[in-house]
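Comments concern the structure below.
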Amino acid sequence: MDATYIQESIEQLKTNIFMHVRHRTLLQYTGDPVLDENQLFYLLMPFLNGEKWNEQIQKSAITVGIVHASLSEHDKIDEKNATSKEQQLTVLSGDYYSGRYYEILAQAGNIPLIKQLSEGIAIRCEHQIKVYETNSLTLNDWYETISVVQTELIKRFYQVYGFEQYSTFMHTSLLLLQLQKELHYIQKGNKSLLQEKMIESATKEGQPFELLLQQKIDDLKDLLHEYLRSSTIKDELKLYIEQQTGF
Amino acid sequence: MEKMKLKLLYSDLKADIDIIEKELEVALNSSSHLINDASLHLLQAGGKRIRPVFVLISAKFGQYNIDQVKNIAVPLELIHSASLVHDDVIDDSDLRRGRHTVKAQWNNRVAMYTGDFIFARALEYVTSIENPRVHQILAKTMVEICNGEVIQIEDKFRNNQNIKDYFRRIKRKTALLIESSCELGAVVSGLDDKNVRHLKQFGYFVGMSYQIVDDILDFTATDKELGKPAGSDLLQGNITLPILLLKDHPTISKFIESAANGDVTEQQRLEMLHIVRKSDAIKQSISISNHYLRKALKEVDALPNHPMKKKLRDIALFIGKRKF
């Protein structure tokens, strides 16, 4: 196994997800579902590390990808104006993907995963909506929110199949990758609502946001480095994670 | 008034409906105060709760156990509510049942997350039922409803659509969820396949009639009764049965064109309403709705003797004759 094999496995999973949610009209107006390759990698990590993996687990991984795609569609909806045909169909593509994940798991009779994923989606929504709430949150609270959004569904998948030993890697790595994205975005002069809220929290803590964010990234890198050093996962996976996170 | 009449019709189910209401509140309880506010806002707007009622009544034909039946009645109402929250974003609706929609009260994104949260809670709730058949029926329904909504958007302002297109659309938009409510109520109470089928068919026919009446009322009821301007469906490009029956009328054709361009004046809206109300299209639409009701009643006749048969008939007839 090398980086090419890992990449091919991710591409294969992506293709499988696309196949399961293919819809002529939605494809025409909203394009392919949005999938995060880093999240797909962590869905496949137990398989790539040689864990027992069967048709049911593979199908389950596909449905977790579908749920991510569903929620990503709704992230594209404009706060104020969603009247264009493209936006209207984006609302529906999210709902359609959501219906499809349920349908696939229902056909397989996989009620435990339906339960875990629906619990996970509810928690993720509670975190995503925080940017519209008036509560005052600390920067650590926002890191927690980012972490939940990135990892909650994969965590649930791991729980159902007994892959919890990969949770620490997945958690640290996906948070690190997302914070790197946030830093990059802000350094390019952009600012999302979440970042505005984070800056507000950093100001209250009396420190420049970018500095605090960089510190957090460095801390996470150190932590991940430590995990990798002491872990028994395959070397090829360690190398992939190192390259992924820019060591 | 109409809602009161309906409540009277199922007054002997009140204790169980109260359980459902309480469970709806529990199911929507969230650690997010914004989701709590938005959900409470939705619950307080009420609604006829016809889907849970059909679940309860259908379940009465089998081994009725409210602790079991509520596990499907609650999710069905939640799925209906969640789809309304998202529909309001799609339709850019600020008012529903005379109250501000979630998207108007907060914004589109809050509506998306609230809707997703409610959908998730619905599925979480229904997982207390282990029978895969229940999940397969519900999942298929959710996907089909969504397909129906996609078709509805594709059909907006489309002049060359016919009545068959309309029936296909309303089947998915409304009839399917009522059909599934009856079917799932029957399945969870262990009814035999033959009677499950009768109840399912009953739900389908009632659902078709329900949507046709809804589409008629959009023209015939007052703005106050509707909680939104009469004729809103057509303004949004939804060409419903009364309009399909009138689509060769020159003023109506012109109105559809103006609506597609978004330049309808209040005067034009009132003129359109006047034409529709005094035309035969309303009578013809009622007659088609009644045709579906008769089919629904035939399905009731085929069910075994049970006090709930009268209830099904009464509710079906109420739906066909309701004023708003």
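Naming convention: chains lettered A, B, ... in sequence-line order (proteins, then strands); numbering from 1 in each chain.
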Honestly, the part of B:F119 sitting under 4.5 Å from a heavy atom of chain A is side chain

Given a strict heavy-atom distance threshold of 4.5 Å, which part of B:I129 is in contact with chain A: side chain, backbone, both, or neither? backbone

Name the option with the most non-hydrogen atom pairs under 4.5 Å to chain B; the candidates are A:V131, A:I123, A:V91. A:V91

Which of A:L71, A:I121, A:L92 touches chain B most, by non-hydrogen pairs under 4.5 Å: A:L92

Residue part contacting chain B, namely of A:S84, when any heavy atom lies under 4.5 Å: neither

Report the option among B:T141, B:L138, B:D92 that has the most heavy-atom pairs separated by less than 4.5 Å from atoms of chain A. B:L138

Which residue out of A:Q128, A:E126, A:E103 racks up the most heavy-atom pairs below 4.5 Å with chain B? A:E126

Using a 4.5 Å cut-off on heavy atoms from C-beta on, say whether the side chain of A:E133 contacts that of B:H33. yes

Where the side chain of B:N108 meets the backbone of A:I77, is there a donor-acceptor pair that is under 3.5 Å apart? no

Part of B:E130 lying under 4.5 Å from any heavy atom of chain A: backbone

May I ask you to decide if A:D75's main-chain N or O and B:R109's side chain share a donor-acceptor pair within less than 3.5 Å? yes

Distance alone, cut at 3.5 Å: any donor-acceptor contact between the side chains of A:H74 and B:Y113? no

